[in-house]
*Asks:* 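Below is a structure I'd like to ask you about.
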Amino acid sequence: MNESDQQDRFSSLIDDLASQGWSQRAFFAPEVLTRELAVECRKRAQSGQLSAASVGRGGAQQVQEGIRGDRIQWLEPGQSDACDQYLQLMDGLRQALNQAFYLGLEDYECHFACYAPGAFYQRHLDRFRDDDRRTVSAVFYLNEDWQVEQGGALRLYLSDGREHDVLPQAGTLALFMSDEVPHEVLPATRERLSLTGWFRRRGAGVL
Ligand code: OGA
Ligand code: MN
């Protein structure tokens with residue numbers, strides 16, 4: 001992808017994040033890459049590589065399906081071409097965010113997530129009580145032909161009291177400030193795949 005293509009991809013996201021604290025964009029990644037990531041996520045799920053996500057951090061981590069029912073696997077560089085391309089794209093976005101907001105974002109961590117039909121994630125903030133590094137949350141969806149009736153929206157609770165639902169349609173990226181926007185994942189009638197991640201700044205670390 002050349003530089004001006006990348007700037008186009010990022011500029012509306014950055015403008016909206018600046019004005020309202022959240023943003024979303026369809027066709028965020030090239031469609032081929034989105035499809036490859038979906039294939040990879042499904043393959044990892046089918047071969048049993050995803051594990052039940054936990055709530056909390058460090059010694060307090062617990063699986064609690066009544067709060068969060070997704071299964072996840074963290075991405076590491078070098079796992080596949082598709083993952084590396086995605087990590088590169090997100091690194092471009094990290095740099096663009098730093099240029100626009102002087103956030104000092106140092107890295108990006110992300111995991112594949114698979115919600116089976118009926119699974120959900122209750123309303124929460126993405127900032128841990130004991131670790132303030134997560135600064136901007138980014139969720140990239142991998143589901144072709146998602147219909148509103150299938151549920152599964154990411155529901156954002158906005159500061160003016162309104163709610164905004166993002167459908168988990170393949171190619172859509174949702175971006176929001178990790179400590180400002182409470183959100184939840186509504187249950188769906190079909191499997192729901194995503195790449196969920198966080199741009200982090202340097203912090204005191206885990207206290
Ligand atoms: C999360 C989360 C949102 C989504 O994993 O913290 O809020 O739409 N995910 O999958
Ligand atoms: Mn979240």
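The shown structure was predicted, so the numbers you read here are calculated from the model rather than taken from an experiment. Note that ligands are numbered from 1 as they come in the structure, with each ligand's atoms numbered from 1 the same way.
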*Asks:* Just to be sure I'm reading this right: ignoring hydrogens, which of Leu156, Val185, Leu193 gets closest to atom 3 (C) of ligand 1? Compare them by their nearest heavy atoms.
*Replies:*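 Nearest option to atom 3 (C) of ligand 1, by heavy atoms: Val185.
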*Asks:* Among protein heavy atoms, which sits nearest to atom 1 (C) of ligand 1, and what does the distance come to when rounded to 0.1 Å?
*Replies:*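 Closest protein heavy atom to atom 1 (C) of ligand 1: Tyr121 CE1, 3.6 Å.
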*Asks:* Run the numbers for me: atoms of ligand 1, each under 4.0 Å from some heavy atom of Trp198, listed by number.
*Replies:*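 The atoms of ligand 1 under 4.0 Å from a heavy atom of Trp198 are 6 (O).
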*Asks:* Just verifying a value: how many Å separate Phe10 CZ and Leu175 CG, rounded to the nearest 0.5 Å?
*Replies:*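 Between Phe10 CZ and Leu175 CG, I get 10.0 Å after rounding to 0.5 Å.
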*Asks:* State the atoms of ligand 1, each with its element, that fall below the 4.0 Å cut-off from a heavy-atom position in Tyr141.
*Replies:*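 Here the atoms of ligand 1 in question are 4 (C), 8 (O).
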*Asks:* Might you confirm whether atom CD of Glu149 has over 12 heavy atoms from other residues, nucleotides or ligands at distances under 6.0 Å?
*Replies:*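 Count over threshold, so yes.
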*Asks:* Salt bridge (charged side-chain N to carboxylate O under 4.0 Å, His left out) with Arg71: which residues, sequence neighbours excluded?
*Replies:*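 Expected list: none.
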*Asks:* Under 4.0 Å from ligand 1, counting heavy atoms only, is it the side chain of Asp70, its backbone, both or neither?
*Replies:*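 No part of Asp70 is near ligand 1 at this cut-off.
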*Asks:* Parallel, tilted or perpendicular: which describes the rings of Trp198 and Trp74, with under 30° parallel and over 60° perpendicular?
*Replies:*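 Judged by the thresholds at 30° and 60°, the geometry between Trp198 and Trp74 is tilted.
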*Asks:* Would you say the side chain of Leu93 lies within less than 4.5 Å of the side chain of Leu173, judging by non-hydrogen atoms?
*Replies:*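 Heavy-atom side-chain distance check passes, below 4.5 Å.
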*Asks:* Check for a donor-acceptor pair, side chain of Ser178 on one end and backbone N or O of Ser137 on the other, with a separation under 3.5 Å.
*Replies:*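 At least one qualifying donor-acceptor pair exists.
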*Asks:* With the threshold set at 4.0 Å, does a side-chain nitrogen-carboxylate oxygen contact exist between Arg134 and Glu109?
*Replies:*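 Yes, charged N to carboxylate O under 4.0 Å.
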*Asks:* Check whether any heavy atom of Glu184 sits under 4.0 Å from an atom of ligand 1.
*Replies:*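 Under 4.0 Å: no for Glu184.
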*Asks:* Compute the shortest N/O to N/O distance between Arg192 and ligand 1 and return yes if it is under 3.5 Å, no if not.
*Replies:*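 Yes, since at least one N or O of Arg192 sits under 3.5 Å from an N or O of ligand 1.
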*Asks:* Less than 4.5 Å apart, side chain to side chain, heavy atoms only: is that true for Val185 and Arg192?
*Replies:*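 In contact.
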*Asks:* Could you check atom 5 (O) of ligand 1 against the protein and tell me its nearest heavy-atom contact, residue, atom and distance included?
*Replies:*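 Ranked first by proximity to atom 5 (O) of ligand 1 is Thr196 CG2, 3.5 Å.
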*Asks:* For the pair Phe140 and Phe28, name the ring-plane relationship: parallel under 30°, tilted 30 to 60°, perpendicular over 60°.
*Replies:*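 Judged by the thresholds at 30° and 60°, the geometry between Phe140 and Phe28 is perpendicular.
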*Asks:* Looking at side-chain heavy atoms only, is the closest gap between Asp126 and Phe176 below 4.5 Å?
*Replies:*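 Result yes, sub-4.5 Å side-chain heavy-atom pair found.
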*Asks:* Counting heavy atoms only, name the option from Gln122, His183, Arg123, His111 that's nearest to atom 7 (O) of ligand 1.
*Replies:*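 Of the listed residues, His183 has the closest heavy atom.
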*Asks:* Enumerate the protein N/O/S atoms at a distance below 2.8 Å from the Mn ion (ligand 2), ignoring waters.
*Replies:*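 Counting only protein N, O or S atoms under 2.8 Å from the Mn ion (ligand 2), the list reads His124 NE2, Asp126 OD1, His183 NE2.
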